[in-house]
Every structure is written in C-alpha cells, then in structure tokens.
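For this chain, numbers begin at 1 and follow the sequence in order. Excluded from the calculations below are hydrogen atoms, water molecules and symmetry mates; all remaining heavy atoms, backbone and side chain alike, are included.
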Amino acid sequence: MKKSLRLFTLLSLLFATIAGYAITVPTLTEVWKHTTGLPKNENARQGAMYGGKMYILNRVDNEIKVWDETGMVETIKTTGGGAGINFDEVGNMVVRSENFSGNAVSKSYTIYSKSDNYVTTKKLTITNVEGRADYIGKIAGDILSNGGGHMCCAVATVNNFYDHYIVNGVEDEKQKKTFTSTIANDATTIVYPFGKYYILHKRNDAILQLDELGNKTELKTPDKGTTCGSDVFILNGTTYVVYGTDKKDYKDGFSIADQTSGKVVASHNGIGTIRPASATANWLYVEKVSDFKVNIFQYNPENIIAKYTFEVPNPYV
C-alpha cells in the first residue's frame, strides 16, 4: 500500500510538472531573426522556405542567398532576371527565368533539383498564359517525378488562374485546369494548393479559398494589410491563416486568424524600418511540427528574415 501511494504521489508530481509547462492559449514565439545584411527589396522581391532555410532570389545579381538561424550560409547562381521562387513538397526549387518588365508573358521557368542540392537544372515552359506573373506560390507534389506536381499561376489583368500539372519536369498540357474568379489579378497575385482547395491571394483583396468547381469562400482575415504572402494550415482540427497586416508601408507585421471563430489569436507587430514598396510582399510560410505546433518562416524584403513557432493547447497534456 505504501509503495502504491508513493508511486501515485510521484506520478501526480510528474503530471503536475508537465501541466505547468503546457500552454493554455495559442502562443506565437520568436525563435530567431536577421535584420541586417539583407538585399534591396527592389532586387530581391521574393523568398521561399524549405527545410528550415529561407532562399532569397536576387533578380539583379542572378543569385539565390540561403539563410538559416546563423545567417547567410550559401549562394546558388541563377539566370534570366526573374523575381519569383518557390518549392514543391520534396524540395525541388522553381525560379522564374525571364525578366518581368512591362507586360512580359510569364512562361519560362527553371527547375533546380533537390536530389543533388540544386546543381542539376531543367527548363520548364508553361502554356497559354496571357500575361505577367511576378511571383510563384507553393507547389504541391513532386514535379520531377512520374507522379508529378501542381504549380499554380495567376497572371495580371485577367480573372483566370491555372493549375499546371508538371510530370518529370514537363507540363502535361492535357491535365491543365483553368479557373475563373471574381478578382482581376495583378502581377503579384499568388495561387497555391491547400488540400483539395486553392488559395488565391491578391494583396489588395480578400484571400479566397476555391474548390475545383470554382466555388469560393472568403477567408477571415481581420485587419488584413496590403502585402502579398500568406499560408493556411490546420492544427488540432482547426484551420488558421497567417497573413500580413501592414496597410500602407508593406512592412513585417502579421496576424494568425482562427477560421472557426474568425478572430485573431496571435500577432507580430512589425519592426521594419524600410518601406519595401517595390516588392509589396511579406512572405510567410508554415512548416508543420505536430498536430499542435508549426514553425512560421518570414521574409519581409529588406527588413527581416525570421522564424517563429505557433502552438495551440494540447488537450491530452
């Protein structure tokens, strides 16, 4: 009896200690940041995250600078003078490989293979695109495999956006899908897959979720700003959106909104001193850690590269 009581007491103390460290409300925590040594925003307009690192494309110097918690750690050379960059789910990198000046049609891209740390490249041409698309949204699947992946594109001045199916680095034109929304895109509009949906984000409009039939839902983003860049994720069965909140100066403030309640549950107050008016973007990417926690990576051009964690209460702790 005494041994059982002693064991019960020890277990009670252990659970009490664990509970003492458990969070009780959604919590946003800064992990690391860099605010110096960043390129000019007119030159390096988009960054993309993979594997805990931020890849910043400089269209003038034709190079990508790779950043992690220690600072800038690697340089990858590019060609073409494009501003857009992003990754598929296995880490293959896509870079726009043509200058975006004027009304240039955005059809030419370069794929950098993750298999040999971006040494091997492959040219990608996408079809029937009417105009300019400066940026690239997140890409689903594996675009260098037989199974393929989905790269979405929204171009300026029209209401269409496209789901390009890329297999072994080549577009399968027969499986390309065209959608029409109620928003006339601009050159900074991005589209990215989210499960069976598409997220359409034009910086001056609501962020929309669309299904394959074109039915749209306006995501709840209180006090949304005028920057491009967002991500959508699910924790413990609840959908959240992380999005920029600066309404005038395109700086690094952002919020996270619960799509069930429609309320903001966490925010980062901007600290940037530069107005990145050429980029008009605040890039935010989510990396899932568990059903209750994500990492959030940020690139606000010329102001900040940072990592945060966002965590919701775990009812089982």
Side-chain angles (χ1 to χ4, degrees), residues 30-88 91-100 106 109-114 117-119 121 133-139 151 187-188 190 192 201 203 227-231 242 244 246 250-254 268 270-287 295-308:
E30 180 186 287
V31 180
W32 53 260
K33 68 174 181 281
H34 301 291
T35 57
T36 59
L38 278 64
K40 296 293 185 182
N41 82 91
E42 57 265 33
N43 299 341
R45 303 187 180 203
Q46 186 173 19
M49 185 279 298
Y50 185 79
K53 298 178 182 180
M54 189 66 76
Y55 292 69
I56 310 299
L57 174 62
N58 189 316
R59 67 182 184 87
V60 174
D61 294 341
N62 281 315
E63 63 184 17
I64 298 162
K65 296 292 189 182
V66 185
W67 293 70
D68 65 10
E69 67 273 14
T70 65
M72 200 280 290
V73 294
E74 185 181 359
T75 300
I76 301 170
K77 298 303 293 183
T78 63
T79 59
I85 179 173
N86 228 307
F87 292 90
D88 69 12
N92 297 311
M93 181 169 62
V94 178
V95 174
R96 186 179 168 193
S97 53
E98 63 199 339
N99 195 292
F100 63 69
S106 301
Y109 297 84
T110 303
I111 303 172
Y112 293 74
S113 176
K114 178 67 171 66
N117 197 32
Y118 309 117
V119 173
T121 63
D134 292 356
Y135 299 141
I136 305 171
K138 296 190 306 179
I139 302 164
M151 174 179 161
T188 66
I190 57 169
Y192 52 93
H201 185 175
R203 64 182 186 84
T227 52
C228 186
S230 61
D231 210 346
V242 57
D246 194 297
Y250 316 115
K251 293 181 181 178
D252 57 297
F254 68 84
H268 160 73
I271 62 171
T273 59
I274 303 296
R275 185 175 188 266
S278 294
T280 63
N282 186 15
W283 300 106
L284 298 156
Y285 299 98
V286 169
E287 177 185 66
N295 296 323
I296 298 175
F297 292 85
Q298 177 183 36
Y299 172 55
N300 181 240
E302 207 170 341
N303 277 320
I304 187 171
I305 300 169
K307 176 185 176 182
Y308 313 82

Considering residues at least two apart in sequence or located in another chain, which fulfil the side-chain hydrogen bond (donor to acceptor under 3.5 Å, both in side chains) criterion with Glu69?
none
Roughly how far apart are Ile271 CD1 and Asn300 CG, rounded to 0.5 Å?
9.5 Å
Between Thr75 and Glu63, which heavy-atom pair has the shortest distance, and what is it?
CG2-OE1, 3.7 Å
CD1-CG distance between Ile274 and Leu38, expressed to the nearest 0.5 angstrom:
10.0 Å
Between Ala281 and Pro301, what is the shortest heavy-atom contact and its length?
O-CD, 3.2 Å
Which of these, Asp88, Thr78, Thr110, Ile64, sits in a side chain to side chain contact (heavy atoms under 4.5 Å, CB included) with Met93?
Ile64
Least distance between heavy atoms, Glu74 atom then Asn117 atom
OE2-ND2, 3.5 Å
In terms of relative ring orientation, are Tyr55 and Tyr118 parallel, tilted or perpendicular, with 30° and 60° separating the classes?
perpendicular
Carefully, step by step, assess Met151 and Ile139 under the rule side-chain contact (heavy atoms from CB on, under 4.5 Å).
CA-CA 5 Å; Met151 174 179 161; Ile139 302 164; 4.2 Å; yes
Within a strict 4.5 Å, meaning less than it, do heavy atoms of the Phe254 and Ser230 side chains meet?
no
Might you point out which heavy atoms bring Glu287 and Gly52 nearest each other, and give the distance in Å?
OE2-N, 3.6 Å
Of the options Asp252, Asn282, Asn303, which is the one that meets Gln298 in a side chain to side chain donor-acceptor pair (under 3.5 Å)?
Asn282
Shortest non-hydrogen pair, Arg203 vs Cys228, comes out as CB-N, 3.5 Å
Distance, nearest 0.5 Å, that separates NZ of Lys114 from CZ of Phe87:
9.0 Å
Strictly distance-based, threshold 3.5 Å: is any side-chain N or O of Asn41 a donor or acceptor partner for the main-chain N or O of Ala279?
yes
Least distance between heavy atoms, Tyr109 atom then Arg96 atom:
CD2-CA, 3.5 Å
To the nearest 0.5 Å, atom CD1 of Ile56 lies from atom CE of Met49 at 12.0 Å
So, Arg45 side chain and Gly82 main chain: donor-acceptor pair closer than 3.5 Å or not?
no
If you measure from the Lys or Arg side-chain nitrogens to the Asp or Glu carboxylate oxygens, is any gap between Asp68 and Lys307 under 4.0 Å?
no
Contact check, side chains of Asp231 and Lys138, non-hydrogen atoms, under 4.5 Å:
yes
Look up atom OG1 in Thr36 and atom CD1 in Ile305, then write down how far apart they are to the nearest 0.5 Å.
9.5 Å
Please name the residue in the list Tyr285, Trp283, Tyr135, Tyr50 that meets the side chain to side chain contact (heavy atoms under 4.5 Å, CB included) test with Asn86.
Tyr285
Just so I know, are the side chains of Ile296 and His268 near enough to count as touching, which here means a heavy-atom distance under 4.5 Å?
no
With distance as the sole test, does Asn62 use its side chain to make a donor-acceptor pair with the main-chain N or O of Gly81 at under 3.5 Å?
yes
Would you compute the distance between atom OG1 of Thr280 and atom CG of Asp134 and round it to the nearest 0.5 angstrom?
8.5 Å
